[in-house]
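Note sheet for the following structure.
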Amino acid sequence: MDQRFPKEDRLRTSAEFDLVFAGKCSVADPNLVVYIAKNEVTHSRIGLVVSKKVGNAVHRNRWKRQLRAIFRTGKDRLPTGVDLVVIPRSRNHPTHSDLRRSVETLARRAKNKLNKRNSAEQAS
RNA sequence: GAAGUGAACUGGAUAGCCGCCGGUAGUUGCUUUUUCGGAAGCAAUUGCGGGAGGAAAGUCCGGGCUCUGUAGGACAAGGUGGUCGGUAACGCCGACCGGUCGUGAGAUUAGGGAAAGUGCAACAGAAAAUAUACCGCCUAAGUCCCUUCGGGGAACGGUAAGGUUGAAAUGGUGCGGUAAGAGCGCACCGCGGGUAAGGUGACUUGCCUGGCAUGGUAAACCCCACCUAGAGCAAGGCAAACAGGCAGGAAAUCGGUCUUCGGACCGGUUGCGAACUUGUCCGGUUCGCUAGUUACUGCCGGGUUCGCUGCUUGAGUCGACGAGCAAUUUUCGACCUAGAGGAAUGGCUAUCGCUGUCGCCUUGUGUGACAGUACAAAACCCGGCUUAUAGGUUCACUUCGGCG
RNA sequence: UGCGGGGUAGUUUCUGUUGGUAUGAAAUACCUGACUUUGAAUCAGGUGUCUGCUGGUUCGAUUCCAGCCCCCGCAG
């Protein structure tokens, strides 16, 4: 399995982030908020937003590294062809396995929500 | 052995799987160029090697670097404040001096000037800066009254020892002295002045002398000495692209040349206006001056979707000898040690180490279980300061107790 | 990353003190009373702040001076 994580897999510019937020399609659990939007490339991309409320620079960097590692090693269990923006909510760190389960569940729910919304728009 | 003081250092280790960011060597692909040998750039991939801190933090000081500005001077504004040294520089560091604290090792200290001037001190208290006289003490001398002739009383007065208030009351303690007292006199201490010695100096030590005279506050205004342009890598440069709107102003005269006699041009003098001189003024520089723009200046906006560079070899790190009490530094040698950009330097697993608690007996620094293993992550780069920090290591010194 | 501004009633905001013991006020909150059958609204009266924290200077600090903490804004 390809577990690499090149720059093409990341959201990098302000415009890309704004596009995802403009879709207004999000799901959440106590740990994370996930925004989702369909993209123009074949693979999925991820962007991270970690606010200062989560902790100091050391804790913020740890959040980002863990979330990137989960995306990198679990790409086959995540939906394809979408942009994800993941936002941590709480100050305390969950364990790695809890975080992995949380990300995969939320990504699946978000994909279902996006499909339902798209079919509703086509019907109307 | 116990308690403490001051410095310096350290800031977990190993293995496996999977990744990230630079560098370098090769391979492959694409593009550009070509003197057809190649060269350059980009991307992918393989190998090798590198990849957070002592505070990277706070952004409190000082510099480098970059742009803007700059003939010069004065003022203003801000900062620093024992002395000598160190340094590129500092508000930093070292040594020393004075004050305060500690039995001591040591710690700490914005520590110039209050006889240059001004201001301030609520309440309380008699009195708060020219001292004053509330309660007191005295009534000796001179005046008046009474008198049993011993003395008693009164006013005028003397006094600052004692009391009260306050943060602070015009040297302190003791003896003498006196009507009572007082530096009124004396001794010691403190203070002022002079002088000698030591020290580069802050200052220290001694001697003589003055009877004491000018209390606090300058992190109040101020005075003195010294220092200081402004902005900041989102600085700036290259390439590409774009080049729009609004606003701002002022003359007289002299000489010469030409003339279609209306004027035009050239040069000078005195002025005027605009802009700059990044606080103000003097002074200076540039441009323009009868007419309309241009030059010039100011303000506002649009686009650039974020390319390359600046970007890491530097007051660099380590070591040796020498100078210096030290901070630091001469010389020599060796070394190259992160350069990201929605932001890398890691994710997971296992084992070990360290610390604490509890258990077990084979009382060993043994073994097992559980818990903990800090603070905090480069953003142009250095020198400091300040603040945060689990645990561990080393050295020097002090006090107390025991033994010899 | 760099630069700048601020912190006083339970909450939001203004004002005062050349350093003398926090003056006055608005909105909201709370309490009491009036009006009402009751409540809301309205009216009247009342309650409450020792100044973000820690030191220093001073007789005395909200004010002056340091060091921290928190909040907010700006930039091509």
Side-chain angles (χ1 to χ4, degrees):
Chain A
M1 184 185 69
D2 184 18
Q3 296 191 347
R4 287 176 301 164
F5 189 57
K7 282 180 178 173
E8 291 80 50
D9 286 0
R10 312 179 195 178
L11 296 182
R12 303 184 67 197
T13 65
S14 190
E16 288 167 348
F17 275 84
D18 287 344
L19 269 175
V20 177
F21 287 123
K24 291 183 178 174
C25 182
S26 70
V27 292
D29 72 358
N31 290 324
L32 299 169
V33 181
V34 175
Y35 278 79
I36 191 166
K38 204 166 158 50
N39 65 14
E40 303 299 322
V41 293
T42 56
H43 54 272
S44 286
R45 297 186 298 187
I46 189 166
L48 303 169
V49 176
V50 186
S51 96
K52 261 187 183 172
K53 287 178 186 169
V54 172
N56 59 23
V58 174
H59 290 108
R60 293 202 299 275
N61 282 344
R62 180 167 164 77
W63 266 105
K64 289 193 273 190
R65 287 195 304 259
Q66 278 192 317
L67 290 168
R68 274 200 292 266
I70 287 163
F71 178 82
R72 174 173 69 78
T73 57
K75 264 190 265 187
D76 53 339
R77 279 168 288 185
L78 293 170
T80 56
V82 293
D83 287 342
L84 299 166
V85 173
V86 182
I87 307 173
R89 307 179 88 177
S90 68
R91 211 176 169 77
N92 41 354
H93 272 284
T95 63
H96 187 78
S97 51
D98 285 348
L99 201 57
R100 176 178 293 280
R101 208 174 309 118
S102 182
V103 168
E104 287 169 1
T105 311
L106 285 173
R108 202 164 52 246
R109 280 172 50 200
K111 177 71 173 171
N112 291 339
K113 191 171 176 181
L114 189 68
N115 288 341
K116 202 181 293 177
R117 184 170 294 186
N118 285 344
S119 56
E121 277 174 8
Q122 284 168 7
S124 66

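In what follows, every chain begins at residue 1, and chains take the letters A, B, ... in the order their sequences are listed.
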Indicate, with a heavy-atom threshold strictly under 4.0 Å, whether A/Arg60 touches base, sugar-phosphate, or nothing. nothing
Whole angstrom value for the distance that separates P of B/G347 from NE2 of A/His59: 12 Å
Going by side chain to side chain contact (heavy atoms under 4.5 Å, CB included), name the residues that satisfy it together with A/Ala110, two or more places apart in sequence or in a different chain. A/Val27, A/Ile36
With rounding to whole Å, what would you report as the distance between B/A219 and C/C64 at their C1' atoms? 6 Å
Check: protein-nucleotides 338-342 of chain B nitrogen or oxygen pairs below 3.5 Å:
unit_1, atom_1, unit_2, atom_2, d
B/G341, OP1, A/Lys7, NZ, 2.9
B/G342, O2', A/Leu11, O, 2.6
B/G342, N7, A/Arg12, O, 3.2
B/G342, O6, A/Ser14, N, 3.3
B/G342, O6, A/Ser14, OG, 3.1

Within this structure, what is the CG-to-P distance between A/Asp9 and B/C20, rounded to whole angstrom? 10 Å
Which atoms form the tightest heavy-atom contact between A/Leu114 and A/Lys38, and what is the distance? CD2-N, 4.0 Å
Round to the nearest Å and state the distance from A/Arg62 atom CZ to B/A377 atom C1'. 14 Å
For B/A338 versus B/G383, give the span between their P atoms, rounded off to a whole number of Å. 15 Å
Classify the side chain of A/Asn56 versus the base of B/A376 as yes if they form a donor-acceptor pair under 3.5 Å and no if they do not. no
May I have the distance from A/Arg65 (atom CZ) to B/C21 (atom P), rounded to whole angstrom? 15 Å
For atom P, what is the distance between B/A3 and B/A167, given to the nearest Å? 45 Å
So, using side chain to side chain donor-acceptor pair (under 3.5 Å) as the criterion, who are the partners of A/Arg45 when residues are at least two apart? A/Asp83
If you count the non-hydrogen atoms of other residues, nucleotides and ligands that lie under 6.0 Å from CZ in A/Phe71, is the total more than 12? yes
With C1' as the reference atom in both, quote the distance from B/A240 to B/G307 in angstrom, rounded to an integer. 9 Å
For A/Arg72 and B/C21, what is the distance between atoms CZ and P respectively, to the nearest whole Å? 12 Å
What interatomic distance, in whole Å, is found between C1' of B/G23 and the corresponding atom of B/C336? 13 Å
A/Ser102 side chain to A/Asp98 backbone, donor-acceptor under 3.5 Å: no
So which nucleotide does B/G356 pair with, by the Watson-Crick or G-U wobble rule with both distances under 3.5 Å? B/C370
Quickly work out the A/His96 NE2 to B/C18 C1' distance and round it to whole Å. 11 Å
Would you indicate which nucleotide in B/G347, B/A377, B/C20 comes nearest to any side-chain atom of A/Phe5? B/C20
For the side chain to side chain contact (heavy atoms under 4.5 Å, CB included) test, which of A/Val49, A/Ile87, A/Val86 pairs with A/Tyr35? A/Ile87
Using Watson-Crick geometry (N1-N3 plus N6-O4 or O6-N4) or G-U wobble (N1-O2, O6-N3), each under 3.5 Å, B/G342 is paired with none
With sequence neighbours excluded, what pairs up with A/Arg68 under the side chain to side chain donor-acceptor pair (under 3.5 Å) test? none
List in chain and number order the residues that pass side chain to side chain donor-acceptor pair (under 3.5 Å) with A/His59, two or more places apart in sequence or in another chain; answer none if no residue qualifies. A/Asn56
Classify the glycosidic conformation of B/U312 as syn or anti, calling it syn when the angle lies within 90° of 0. syn
For A/Ala69 and A/Val58, find the nucleotide of RNA chain B closest to each by heavy atoms; which residue's nucleotide sits nearer the 5' end? A/Ala69
B/A167 pairs with, by Watson-Crick or G-U criteria that keep both distances under 3.5 Å: none
So side-chain hydrogen bond (donor to acceptor under 3.5 Å, both in side chains) across residues 107-116 of chain A, not counting sequence neighbours, yields none
Roughly how far apart, to the nearest Å, are B/C265 and B/G288 at atom P? 15 Å
What integer distance in Å separates A/Lys64:NZ from B/C20:P? 18 Å
Between P of B/C348 and CG of A/Asp98, the distance in whole Å: 13 Å
With rounding to the closest Å, how many angstrom separate the C1' atoms on B/A15 and B/U309? 43 Å
Name the orientation of the base relative to the sugar in B/G22: syn if the glycosidic angle is within 90° of 0, else anti. syn
Looking only at side-chain N and O atoms, does A/Gln66 come under 4.0 Å of OP1 or OP2 in B/C348? yes
Anti or syn - C/U58, cut at 90° from 0: anti
Taking syn as a glycosidic torsion within 90° of 0 and anything else as anti, which one is B/A13? anti
Where does B/G37 land, syn or anti, once you apply the within-90°-of-0 test for syn? syn
Nearest-Å distance once atom C1' is located in both C/C3 and B/A231: 11 Å
